[in-house]
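This report concerns only the one structure given below.
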Amino acid sequence: MDMPLVLQPIAILLIAAALTPLISILGEKIKFNKLKDLFAILAFTSAFYALILLYFRIEDYGVQSFILDNYLPIKGGVEIYADSLSLFLSFIFCGIGLLASIYSVKYMEIDTGLDRYYTLLLILVAGMIGVAFSGDFFNLYVFWEMMCIASYTLVSFRKYRWEPVEAGFKYLVMSTLGSLIALYGISLLYGLTGTVNFKGMREALISTAGSQIPLYIILSAIIVGFGVTASIVPFHTWLPDAHPAAPSSISAMLSGVVIKTGVYAIARSLFTLFNPVNFDYGLALMIFGVLTITVANFMALMQRDIKRLLAYSSIVNIGYIISGIGIGSYILFKYYSIYPSTSLSAAVFAIMGALFHLFNHAVGKGMLFLCSGCFTHEAATRDILSLEGIGRKMPWTGGAFSIGLLTLAGVPPLSGFWSKLFIILAAFSFPQNSFMKAIGVIIVLNSIFAAAYYLWLLQRIMIKTPKIKASEASIFMVAPIIVLAIICVIIGLMPNLIINLAEKAAKAMLGGW
Amino acid sequence: MKSDEMDKTVSAILILILISVILTFGLSLFNISIPVLIEKPPIEKFLWSYRGVDMLIQAFLILAAAAAVSTLFRVEKGAGAVEEAVIEKLEEKEE
């Protein structure tokens with residue numbers, strides 16, 4: 001059997017998802033209930049290994065693609081496609097998925113229906129990798145829906161409480177609306193170009209003459225549609241309800257990676273189809289970015305619920321990522337015709353900063369949600385005032401929680417410092433442009449503002465006198481947290497490990513097809 | 001107890017359907033040659049040769065939907081996890 005390598009990570013996860021209920025039945029028969037948990041961990045590990053193999057294949061032979069071309073009524077069709085950008089995202093998706101599944105072994109022990117929980121978790125990650133590996137809008141949309149169905153259900157998994165049901169329903173309604181808006185944009189693009197394939201669409205759009213106005217309508221539909229899942233302000237209102245209501249392992253997935261799929265879909269669609277040199281969407285992205293950072297920062301300051309505060313902080317960080325991508329495209333639109341090589345370098349730098357921050361936030365926020373899961377598992381509350389000093393009772397979790405907060409606060413030399421620095425430096429790369437400078441100043445002020453509430457939370461959890469009895473969580477819950485904390489420290493000390501990957505991914509994003 | 005058995009039966013049926021779908025549409029992915037009759041109508045050719053990948057993905061989309069519905073209608077045993085949100089506390093005080 002010779003399955004193309006580019007299909008293997010998705011196929012492994014989907015086949016494992018289908019087999020999980022059977023494995024669960026087998027586990028019950030042989031009186032080993034953890035068999036399904038181990039099977040899911042094995043599936044994630046295998047998919048991660050397949051991604052590593054794919055990485056080396058791409059390094060040696062360039063982009064990998066799979067297309068069924070035995071019968072092609074339309075030029076360029078359904079395609080599975082992997083380049084450095086797809087791979088960069090997929091490593092994060094699968095890595096966090098693997099750690100979440102290890103964490104779930106103990107954390108989800110109290111719940112029923114775990115066979116379906118793991119099935120949905122595997123489908124969720126397969127859907128996200130599928131979105132990253134889609135070479136056409138049709139596959140992207142189908143994978144997108146697969147991811148959405150799994151995430152709605154996982155948010156509502158603890159349906160015996162009112163909060164997850166309400167949050168899941170809100171998420172379902174808002175995300176469906178967003179998906180439909182994106183689908184409308186895609187359908188207009190299909191009408192204009194006659195194909196769903198990115199490559200084909202791009203070629204058709206280059207040769208399209210006439211007004212750019214319809215293209216800006218399509219562009220807006222894509223930003224708004226996928227922006228709901230990315231939780232860009234003002235389409236963010238589902239997130240502060242959904243992320244806290246979900247089990248913490250799922251909150252880590254949602255905040256750590258699922259919302260990044262929205263950012264990826266926006267970036268991939270825009271940069272591939274609409275040349276940033278000719279289309280001024282960078283301005284809109286920058287405005288959306290700083291609006292997202294500012295609004296979410298103020299909202300985060302008012303929270304007493306630890307998971308809700310972290311959820312707002314996720315929106316803030318999406319703002320940084322969107323701003324970084326916006327700065328990159330704005331530089332190309334404004335300056336490519338005057339300074340081609342300088343503007344291209346500055347744009348790559350800005351987008352690399354955004355992608356580096358995407359990685360840092362996935363690792364840092366994933367870890368923070370897993371830590372908050374350990375705290376609530378022990379204390380049975382999410383109230384920050386009740387959780388005061390709990391970090392002192394749980395030194396490993398508390399230590400990792402501190403590293404996560406300091407990373408996201410951008411304290412040097414932790415990894416979050418470097419990515420924020422790159423985005424800010426990119427904003428000041430053309431000092432003659434006062435608009436970009438203003439964006440840079442807003443980002444700096446917001447970073448200082450955010451650091452204040454991260455430090456406030458750190459002081460509450462780690463320094464205050466403990467109010468409640470608690471002890472360190474199980475090794476299954478602590479181990480993934482320690483791994484993520486180590487990644488934060490190592491990447492902070494040796495940022496080049498990720499910068500090289502992020503730079504390749506940024507070039508792939510700008511290089512198109 | 002009965003509903004648990006029911007769940008398992010439904011899961012087993014779904015798995016069987018899925019495996020049959022994988023076996024039919026998945027073969028082309030594994031590069032196993034399938035005898036194709038030239039007289040077949042174009043729609044079949046189209047589905048098999050052109051849309052094989054996304055047909056397969058859509059089969060898994062149905063699996064996702066089935067797993068989602070089955071999750072939301074599962075029978076709970078025990079009290080489940082306690083994770084008190086701040087808003088829940090405030091509401092209790094108001095009552």
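Throughout, a chain's letter reflects where its sequence line sits, starting with A, and its residues are numbered from 1.
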*Select one option (side chain, backbone, both, neither) describing which atoms of B:S11 are under 4.5 Å from chain A's heavy atoms.*
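Side chain only.
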*Region of B:V75 in contact with chain A, defined by heavy-atom distances below 4.5 Å*: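 Backbone only.
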Under a 4.5 Å heavy-atom cut-off, does chain B meet the side chain of [X], its backbone, both or neither?
{"X": "A:P244", "value": "backbone"}
{"X": "A:Y107", "value": "side chain"}
{"X": "A:S156", "value": "both"}
{"X": "A:L385", "value": "neither"}

Minimum heavy-atom distance between [X] and [Y], given as atom pair plus value:
{"X": "A:L120", "Y": "B:A64", "answer": "CD2-O, 3.9 Å"}
{"X": "B:L18", "Y": "A:A18", "answer": "CD2-CB, 2.9 Å"}
{"X": "A:F143", "Y": "B:I57", "answer": "CZ-CD1, 3.3 Å"}
{"X": "A:L14", "Y": "B:F60", "answer": "O-CE2, 3.2 Å"}

Working to the nearest 0.5 angstrom, can you tell me the gap between [X] [atom1] and [Y] [atom2]?
{"X": "A:D111", "Y": "B:T71", "atom1": "CG", "atom2": "OG1", "result": "11.5 Å"}
{"X": "B:K8", "Y": "A:L22", "atom1": "NZ", "atom2": "CG", "result": "12.0 Å"}
{"X": "A:I123", "Y": "B:L61", "atom1": "CD1", "atom2": "CG", "result": "8.5 Å"}
{"X": "B:I19", "Y": "A:L19", "atom1": "CD1", "atom2": "CG", "result": "6.5 Å"}

*Any sub-3.5 Å donor-acceptor pair from A:K159's side-chain atoms to B:R74's backbone N or O?*
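Here the side-chain-to-backbone pair exists.
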_A:Y160, OH: over 12 other non-hydrogen atoms inside 6.0 angstrom_ =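 Yes.
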*Can you list the steps and then say if B:L72 with A:T153 is a side-chain contact (heavy atoms from CB on, under 4.5 Å)?*
CA-CA 7 Å; B:L72 293 176; A:T153 317; 4.1 Å; yes
*With chain B, which of A:T112, A:N139, A:I25, A:I110 has the greatest number of heavy-atom pairs at distances under 4.5 Å?*
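Between A:T112, A:N139, A:I25, A:I110, the count favours A:T112.
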*Is any residue of residues 369-378 of chain A within less than 4.5 Å of chain B by heavy atoms, and which ones?*
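Listed by number, the contacting residues are A:T376.
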